[in-house]
Amino acid sequence: MPPTQLHFDRPNLSRRRFLQGTAAVLSGLALSGCGWTLADVRTTVKTAADVLYIYTWAGYTDRDLLDRFTAETGIRAIADVFSSNEEMLAKLQAGAGGAYSIIYPSDYMVIKMRDRNLLTELDRSKIVGLDRLYDRFQNPEYDPGDRYSVPLSWGTTGLIYNSKVLDPPPKDWDYLWENQEALYKRMTLLNDPRETIGAVLRMLGYSYNTKDPKAIERAYEKLLELKPAIASFDSDAWRSRIITGDLTVAMCYSSDANEVIPENEDLRYVLPKSGSSLWMDTLVIPASAPNPDAAYAWINFMLQPEVAAEICQRLSFATPNEAAFELLPSEVQNNVTLFPPNPALQNSESLIPLGENVTSIYDRYWTRLTSG
Amino acid sequence: MSVSTKPPLSPNSPPDSGKTPLGQQWLGPVALLGPAGLWLVVLLVLPTLVIFEISLVPDIVPGMKVIPSGLDNYLLAFDPLYIKVIFRSLFFALGTTALCLLLGFPVAYWIAILAPSRWRNLLLMGFVLPLWTSSLLRAYAWVTILRPTGVLNTVLGSIGLPGLELIDRPSAVLIGMSYDFLPYMVLILYSSLEKLDRQLLEASADLGATPLETFWKITVPQTAPGIAAGSLLVFISSLGDFVDPELLGGTSSGTVARLIYNQFLGQSPNWGFGSALSTILILVVSVSIALLLKYGDRDTQP
């Protein structure tokens, strides 16, 4: 079933917006491999050589970008969107992703997909411009040597706050605990176990990727202390509520903060001092890609400094491309939401998959937290 | 799922013309029931059986062979933590049903009995109108209304009343869900009330019953099947809702629908456990339908 074409008239959609995609995915959860292997992944369609199906985040492509690609290469690009890495993986595993030749997973999902043999090892001779990336992105922890993925956009997790209300401004995660009464029901945390428990772990001096059940339990108990004051665990609806002033502080992704801040001048984004999570969204070619040549064309297109700089401004995400960064106007280069100062970055780490056993510990504490 | 008050037709009642050939006798029912039957079997019965089969495989992940081996996933569901989540879902669903019935009955009664008949279709249309927008948008609309500086508190403030903190609490979930499902209740109650025999109302009044007595002894028993059907529809729909709890319910809003979602699309997926939870939910719904069919019918027997 070829994906339907989407138009991107509204690029300011949330990056990780799960509710909208839910209905679509649940209906796609049909079990395809009826020889009775649960969810067999394979190429389900033959696509023409001049058509490229892309599976990406909402807000990561727009009409202009797709048209420009077609003008340069003669390949028609069609983009579908997902709202979470897990949703994307589930669709792929349910056999409904066979049409895509380019997918945009995040760092930890690259590891998961690679371990499940869902990715094509990239042929470096077909890629031009990888050396234009900053050195630190050329050998990332999640994919040493960028063998399976090409970094496209990165960001951090932090706090967006109303600077008129919060004075002095928050500097670190523990601000939320210290000002619990003042922030009562005026703060939200992300609806994501790894991110939210991870931030507390970091605050307590552990790693985001700790496997120690005792540490996870301590973080859970710390969150339980804060829970009465939290309005909700929310990755999306905080946007309108912080713009109107109903929330004072919200935990969010830097890319989302960057989109929201222009709508209310009082809002600021801070990367907490004790560190936070770093995320990277990448380009990969799935093993089932029907049109790998067009996929390489897309990767090379996105690596062009002019293209990367243009979408960095228009779609508001931080580029890992040094050549593109140098093309940006200085007010974008100095945007601390997109490009936070180095010291805060040094304390931050990427989430890495922890294996089923440990992840289910996180999940269990999360269910206790959100159900108690 | 219709709740009928009529005794079922005897299957042995002789056909009008005993001379029709056997083929023709079957052609009609097959042509009428075939498409819907096929649809039900292929898209409802078979997938449900597949869900049940997967629920019997412990720790299954995509790519594994489906070899049913036991009830481990079901035992997992009896963890006190998950029982709590299931009970919260039941609380939201029952609360929504009660609210919809309380709010919907007067409206349906007014439209069916009291309103001028030429307005009826327009009024009903007005009630169904919100269903034309997505339930996600309606939930966001309630966020706008209920947030601390939202529409509700602005209105309350302007007439000198203190503001209400409703959002991020179970009350907001009940408000949002009742709003979502009220149209179904009103539509079903309306069709039931429309058929109300008004001569009985007049007779009851003539014989000296107070309006309240007439209501409880004439109106309610006659519309019981409608009440049962409407409540059932609202109950089942709200049991599966997770948009409203998620957006309006604050920090303790985990529902069984969200729990199932997490088993498939969360960070530690467990398709077997998710399927077991789904099967349990299907069972709960089936049992409540069976009970309502049985007792809903009995109450209306003369």
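In what follows, every chain begins at residue 1, and chains take the letters A, B, ... in the order their sequences are listed. Basis for what follows: all heavy atoms, side chains included, without hydrogens, waters or symmetry-related copies.
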For the ring pair A:Tyr100 and A:Phe82, is the centre-to-centre distance below 6.0 Å? no

Please look at B:Arg88 and chain A and tell me whether the side chain, the backbone, both or neither of the residue comes under 4.5 angstrom of a heavy atom of that chain. side chain

Heavy-atom pair count under 4.5 Å with chain B, highest-scoring of [options]:
options	value
A:Glu356, A:Lys185, A:Lys227	A:Lys227
A:Thr367, A:Leu89, A:Asp234	A:Thr367
A:Thr244, A:Thr359, A:Asp246	A:Asp246

Quick one: CG on B:Leu248 to CG on B:Asp168, what's the gap to the nearest 0.5 Å? 8.0 Å

One should read off an interatomic distance between B:Leu152 CG and B:Glu165 CD, to the nearest 0.5 angstrom, of 11.0 Å

Per-residue contact mode, [X] against chain B (heavy atom under 4.5 angstrom):
X	result
A:Arg368	both
A:Leu247	neither
A:Arg116	neither

Max heavy-atom pair count under 4.5 Å with chain A, selected residue of B:Ile67, B:Val57, B:Asp79: B:Asp79

Quick check on the interface: out of B:Gly150, B:Gly254, B:Ser252, who has the most heavy-atom pairs with chain A under 4.5 Å? B:Ser252

Side chains of A:Asn85 and A:Ser106: do they bring a donor and an acceptor to under 3.5 Å? yes

A:Asp212-A:Thr210 side chain donor-acceptor pair, cut-off 3.5 Å: no

Has the side chain of A:Tyr208 got a donor or acceptor atom that lies under 3.5 Å from a matching backbone atom of A:Glu349? no

